[in-house]
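Note that the structure is a prediction, hence the values are computed from the model and not measured. As a basis for the values below, the full set of heavy atoms in this structure was taken, side chains included, without hydrogen atoms, waters or symmetry mates. Per chain, numbering begins at 1; letters A, B, ... match sequence-line order.
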There are 2 protein chains.
Amino acid sequence: MSEKRPLAALPSNGKAISISAVAEQAGVSIATVSRVINASKPVSADTRERVEAAVAALGYRANAFARSLTRGESRLLLVLVPDFANPFYSETVKGVASVVRRHGYNIVLAGAPDALAPDTGAPDALYSRLVDGVISLASLHDLQPAIRDMPDLPWVACSEFVEDGGMPHASIDHGQAALDAVQYLINRGHRRIALLGADESYVWARQRHAGYEAALKRAGIPLDAQLVRVARGTDYSLGMEAAGALLALESPPTAVFAVSDTLAIGAIKAFRRAGRRVPDDIAVVGFDNIPLAQVFEPALTTIAQPMFELGAAAARLLLERLAGGHPRSLTLQHALVVRESA
Amino acid sequence: MSEKRPLAALPSNGKAISISAVAEQAGVSIATVSRVINASKPVSADTRERVEAAVAALGYRANAFARSLTRGESRLLLVLVPDFANPFYSETVKGVASVVRRHGYNIVLAGAPDALAPDTGAPDALYSRLVDGVISLASLHDLQPAIRDMPDLPWVACSEFVEDGGMPHASIDHGQAALDAVQYLINRGHRRIALLGADESYVWARQRHAGYEAALKRAGIPLDAQLVRVARGTDYSLGMEAAGALLALESPPTAVFAVSDTLAIGAIKAFRRAGRRVPDDIAVVGFDNIPLAQVFEPALTTIAQPMFELGAAAARLLLERLAGGHPRSLTLQHALVVRESA
DNA sequence: CTGAAAGCGCTTACAG
DNA sequence: CTGAAAGCGCTTACAG
């Protein structure tokens, strides 16, 4: 498939430039070159200058593979993202990227579960031991075997987590947040409140579901199974579908709590297509507070998650683990932001 | 910063498992192990079985660095993305990921220009020669020095490109697409048509701008500098700002052509906040046809770009280059999709 | 079909 | 402060 190409940068003459080329040009050993480029040991001023001149003249850069091989680290981190299309994930990844690159790490991105190898159930990048650690926004369920297979690889979860507490994570309190959202709806006088849920292989989805039920229970409102629709994902279209089903009920809800803004937006779209006014005929509260939430019309009443901070916090957790620490999981604050949709 | 960790997967006893461990366990040489795991040379059935058993028993996976070092390729591709928040980019990256991983490549993602090293003006991943090639969705302008520095590294552009034609790219005809959009507005009777442009370090932004002017010229409508607002990026908020400025004109436009859907959505938001109806008071056409375009209210009239296909095509271009080919640039089809906003 | 050995480009004790 | 050499974990001629 791929053309054989020397790894080193090629000056116009086509010859790979490696550490030995620099050493030769500077008239020193490769060990010395290594010491100056890494500032790992004292080198005389004179020698250092000669080496630096040679490096500059040749345009030398250390080969990442050789370096990783000897150092035992790649400074590459895997980020597992379920869905590039949901702005929640892009915002979060921005947070990860921001802290990680300040520490000299690069990000290898993989979509999960799409990128999971059929045989191993893990991303190729994992089993090739390419990365120093992983930050997962994906459902950890299917990844358990992979995680167990490589006990020395540090994992950290973001927004999502594993319930046994074995993996540090940065997250909000999903259950409480959902409870807050539904409580708000109840306070506004709603009693027929639907849940627009998402793939429950995610614990956040299960916890938000539980929060919804808790709020209802607390208010003495009986659960109605017809009022809960669990979507397979968070695409707008899935929100539309679920909303359509809700509308088809003999006794439709007067409010819906959607566990994601994208789902909420899809639902609103469907309601309006069906001639319902939001929030007058039916109120909708979302979850995440993606940038679009305040731009969409009607602007979304939603639970704000600190997306960027969640990513940044997860990244810091991983960095701490990489440094040999045993950081504790973090619960960040959420907030109900009331706008127009409910 | 980081804890020293052996590269190999560790069985519970903590000893790194490398190719020699497999060789020992199977009673063969490491060369033979290499041959069976890569299926690179014939190996007797008996030997193969013993090796495979050892691999399975030990849970052995080849070390990516050692492999890359000897093979001269990493099967890692760099994708340069300007803005994770714009769905246009996420959709496109999906297309890239889809073809690339089918060929055994992983993606290293970097935000440009954010991730550019201050000194070199290129992503660290580039100068460490970590990747086999790069697909750039970013503005190539600031990257020129980096590109020239490593003539052996294959680059491919997506949506964006360099005008001298030196780099294969997959793109639509931005000028024609913009012309189509503005022509549509003119056909609908508009004569005061504003341009909501984006950062013109991108050639797509300049070409869409040119298409706008061409359409006006062709219709004998004089250009009015007050009617063109060039935003720094494509955030919703920038669209809102620009729209506000347009509204402040003594003689505001009756229509606006926005070079991105996110900009268009921001503009619509601002118009409605100011009490204008879209499209009745002011028509808006966008660009990209992101998933949101049909969900937003009013649904966007926009130029559809084949986002996923653009990414997939760019990926194929790069794969061809990696295979030693010299692929020609591709121009994919765009289409005006008329919905509610104009 | 199989193995011993060189080599990929680095880093890092070990001597001096 | 500096160098010779071993070693990281692979792949691949070269012999047999």
Nearest to the [X] side chain among [options], which nucleotide is it?
| X | options | result |
| --- | --- | --- |
| B:A31 | C:dT11, D:dT11, D:dT12 | D:dT12 |
| B:I19 | C:dT11, D:dT11, C:dA13 | D:dT11 |
| B:R35 | C:dC10, D:dG9, C:dA4 | C:dA4 |
| B:V43 | C:dT11, C:dT2, D:dG9 | C:dT2 |
| B:S29 | C:dC10, C:dG3, C:dC1 | C:dG3 |
| A:T70 | C:dG3, D:dG7, C:dG7 | D:dG7 |
| A:V28 | D:dC10, C:dG3, D:dG3 | D:dG3 |

Keeping the roles fixed (side chain from [X], backbone from [Y]), state whether a donor-acceptor pair exists under 3.5 Å.
| X | Y | value |
| --- | --- | --- |
| A:S74 | A:S68 | no |
| A:T92 | A:F88 | yes |
| B:S139 | B:S201 | yes |

Would you say [X] reaches [N]'s phosphate, i.e. side-chain N/O to OP1/OP2 under 4.0 Å?
| X | N | answer |
| --- | --- | --- |
| B:S44 | C:dC1 | no |
| B:R71 | C:dC8 | no |
| A:T32 | D:dG3 | yes |
| B:S34 | D:dT11 | yes |
| A:N38 | C:dT11 | yes |

| When we call it a touch if two heavy atoms are under 4.0 Å apart, what does B:T47 touch: a base, just sugar-phosphate, or nothing? | sugar-phosphate

| field | Residues A:E309, A:R316: salt bridge by 4.0 Å N-O rule | value | yes

| request: For A:V33 and for A:K41, find the nucleotide of DNA chain C with the closest heavy atom, then tell me which residue's nucleotide is more 5'. | output: A:V33

| How does DNA chain D read in dot-bracket, base by base from 5' to 3', with Watson-Crick or G-U pairs under 3.5 Å and | used when the partner is on another strand? | |||.||||||||.|||

| field | Given DNA chain D, 5'-ward residue of the pair B:S40 and A:D46, judged by closest heavy atom | value | A:D46

| said: Over 60° means perpendicular and under 30° means parallel, so tell me whether A:H169 and A:F161 are parallel, tilted or perpendicular. | reply: parallel

| A:R50 to A:G27 - nearest heavy-atom pair and separation | NH2-O, 3.9 Å

